[in-house]
Amino acid sequence: MRRIIELQEEEVTRFPGSLLADADLLALKRSRKFEIEPASVLNEHTLGLRSRGVVGSIPIGEDLMVRVKPKVPIANLFGMLEVAYNLRSFRLFEGETLVESLDDIYERIVSILARRVLDRARKGLYRSYVSEHDELPFVRGSIDLVNAALNIKRGIPSVPCRYQEHTVDVDENRLLYWTLHVVRRQSLRREQVRADLDRARRVLSGAIALQNFSPADCIGRFYHRLNDDYAPMHGLCRFILEQTGPTIQSGDRSFLPFELDMPKLFEAFVAGWLRTAGLANLIVRPQHRSRLDANFQVQINVDILLCDGVSGSPVAVLDTKYKLAERPSDDDIYQISFYARELQAKRALLVYPTLLDVPFRMIHGKDIRVESVPFDLGRPLDVSGLAFVDALTILLTELPKT
């Protein structure tokens, strides 16, 4: 039976020092997901524990579960997932945002994927032509002349042929089948979700090969009018595969290991929101990488780079900071100023998930304008998103002061 510790995101929770054994503390340190304040006389022998941006149910060691409740409303979490995984236009989560518990999010997403697969199977799975090379008792497609001549010489009564097979056994469907296969090994609690999942797997089994896929395989795929409804399903596959790891196994159904890296989700969410917001004459480049020296040894990774839509030259560097702060730290200011200077952008913007007590603005060096801009996750996303884009537009169109 697992022991459960509950935390609140961004808050330090204190426990009696005797609650956790040395093995538990070692496992917590190795996970690198928590800040630990050891018990001492100064804190009345209580242990302090704080999440490093991770929310959800995180298994630690063999019998410890740490459950971190998010500070973001659950409805907003669904909205962030929609935008970050490019699912918003498909209305995947319509009617699903009444979920009140973080634990239910993963199973709801699995349920949505299974129902989407079943719906597509009823209409007919996507088919495509695949090149095949086989030896047949009859001619199909084109003949492999060299191997055909060798077969005649050897007395083999078969014809080597190259042909196109119209089949459902293509990567679009293999990706769905692999994801459903991975999910079935996990501890799903709701009987209806398990039933839908088993039905979806049976629909794909037999005709679809079981092939290993990674979350990266879900990105950058080509869609057209015959398979455009696969895009949101592959987005769900990416989310599920990213949440799957060696600690998520079948067994005790009283919990489901599930975690969200909120800083990464916030970064992807802001980038996705800007892409769909349609900033006038600007190109949004998330996760921009740039080499700084001729030998390509030094690289900087920028969360979001805004470029001029005509010239392509950098306009502003955006760095998302998923944390509470009264003002930006010196390290954050120096880092984003360095990025802006190296990329020759005049504006460096720090994006926070809540309003700062006082909006931050300064000139770093001679001409780099460092400013804060909030995307308040505590309010409805449509309201906060509109305010964020308006504030960003004003900052980018302001003339520099001389």
Side-chain angles (χ1 to χ4, degrees), residues 85-87 90 109-186 188 193-246 248-250:
Y85 287 85
N86 197 26
L87 305 173
F90 298 96
I109 290 177
V110 171
S111 176
I112 294 168
L113 176 61
R115 296 199 307 264
R116 287 252 169 171
V117 170
L118 289 169
D119 183 58
R120 178 64 205 227
R122 283 190 289 268
K123 298 176 183 177
L125 295 173
Y126 172 68
R127 292 174 175 268
S128 183
Y129 286 98
V130 178
S131 297
E132 298 284 353
H133 185 208
D134 200 359
E135 295 195 357
L136 306 173
F138 52 85
V139 176
R140 181 179 180 184
S142 60
I143 300 175
D144 184 343
L145 296 178
V146 174
N147 287 318
L150 291 175
N151 281 359
I152 294 173
K153 185 176 181 179
R154 296 166 182 166
I156 300 175
S158 61
V159 184
C161 300
R162 294 189 179 92
Y163 58 93
Q164 297 287 318
E165 180 75 24
H166 196 222
T167 178
V168 296
D169 191 15
V170 293
D171 282 351
E172 284 80 359
N173 294 318
R174 290 175 183 174
L175 183 51
L176 299 178
Y177 189 30
W178 172 253
T179 303
L180 297 177
H181 170 75
V182 169
V183 171
R184 190 60 187 93
R185 299 179 301 184
Q186 301 172 14
L188 300 175
V193 177
R194 296 200 299 270
D196 289 342
L197 180 60
D198 287 339
R199 289 171 55 210
R201 289 178 66 243
R202 285 196 297 270
V203 164
L204 300 181
S205 64
I208 312 297
L210 188 61
Q211 178 181 332
N212 192 312
F213 286 90
S214 70
D217 295 322
C218 306
I219 304 172
R221 307 193 67 85
F222 174 70
Y223 301 99
H224 46 78
R225 66 179 184 85
L226 298 179
N227 68 350
D228 59 352
D229 59 334
Y230 276 71
M233 290 192 288
H234 290 163
L236 294 176
C237 289
R238 174 188 163 200
F239 173 83
I240 291 170
L241 293 177
E242 285 179 344
Q243 302 306 318
T244 303
I248 300 182
Q249 304 170 359
S250 59

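Under the 4.5 Å side-chain criterion, counting only non-hydrogen atoms from C-beta, R174 is in contact with D169. With contacts defined as side-chain heavy-atom distances shorter than 4.5 Å, the pair Y85/L236 does not qualify. Put simply, the side chain of Q211 reaches to within 4.5 Å of the side chain of D171, judged on heavy atoms. Put simply, the side chain of V203 reaches to within 4.5 Å of the side chain of L118, judged on heavy atoms. Here the side chains of L125 and L204 are in contact, with some heavy-atom distance below 4.5 Å. Counting heavy atoms from C-beta outward, F222 and N227 have side chains that stay 4.5 Å or more apart. Using a 4.5 Å heavy-atom cutoff, the side chains of L176 and L113 are in contact. The side-chain heavy atoms of H234 and F213, taken from C-beta on, include no pair separated by under 4.5 Å.
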For this session: Verify side chain to side chain contact (heavy atoms under 4.5 Å, CB included) between I240 and V182, making sure each step is shown before the conclusion.
Result: CA-CA 9 Å; I240 291 170; V182 169; 5.6 Å; no
Problem set entry | side chain to side chain contact (heavy atoms under 4.5 Å, CB included) assessment of L180 paired with R184 | CA-CA 6 Å; L180 297 177; R184 190 60 187 93; over 6 Å; no
Exercise. For V117 and Y177, what are the C-alpha separation, side-chain angles and deciding distance, and is it a side chain to side chain contact (heavy atoms under 4.5 Å, CB included)?
Worked result: CA-CA 9 Å; V117 170; Y177 189 30; over 6 Å; no
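Between the D217 side chain and the S214 main chain, a donor and an acceptor come within less than 3.5 Å of each other. D196 places no side-chain N or O within donor-acceptor distance of the main-chain N or O of R115, the cut-off being under 3.5 Å.
The side-chain contact (heavy atoms from CB on, under 4.5 Å) search around Y129 returns Q164, H166, not counting sequence neighbours. The side-chain hydrogen bond (donor to acceptor under 3.5 Å, both in side chains) search around S205 returns none, not counting sequence neighbours.
A distance of 11.5 Å separates SG in C237 from CD1 in I109, rounded to the nearest 0.5 Å. Rounding to the nearest 0.5 angstrom, the gap separating the CD atom in E172 from the CG atom in L226 is 10.5 Å.
Aromatic ring centroids of H224 and Y126 lie under 6.0 Å apart.
Residues P215 and E242 come closest through the heavy atom pair CB-CG, 3.5 Å. What you find for N151 and S158 is that their closest heavy atoms are ND2-O, 3.3 Å. In this structure, I156 and E135 approach most closely via the heavy-atom pair CG2-OE1, 4.5 Å.
We find that K123 and D119 are joined by a salt bridge, their nearest charged nitrogen and carboxylate oxygen being less than 4.0 Å apart.
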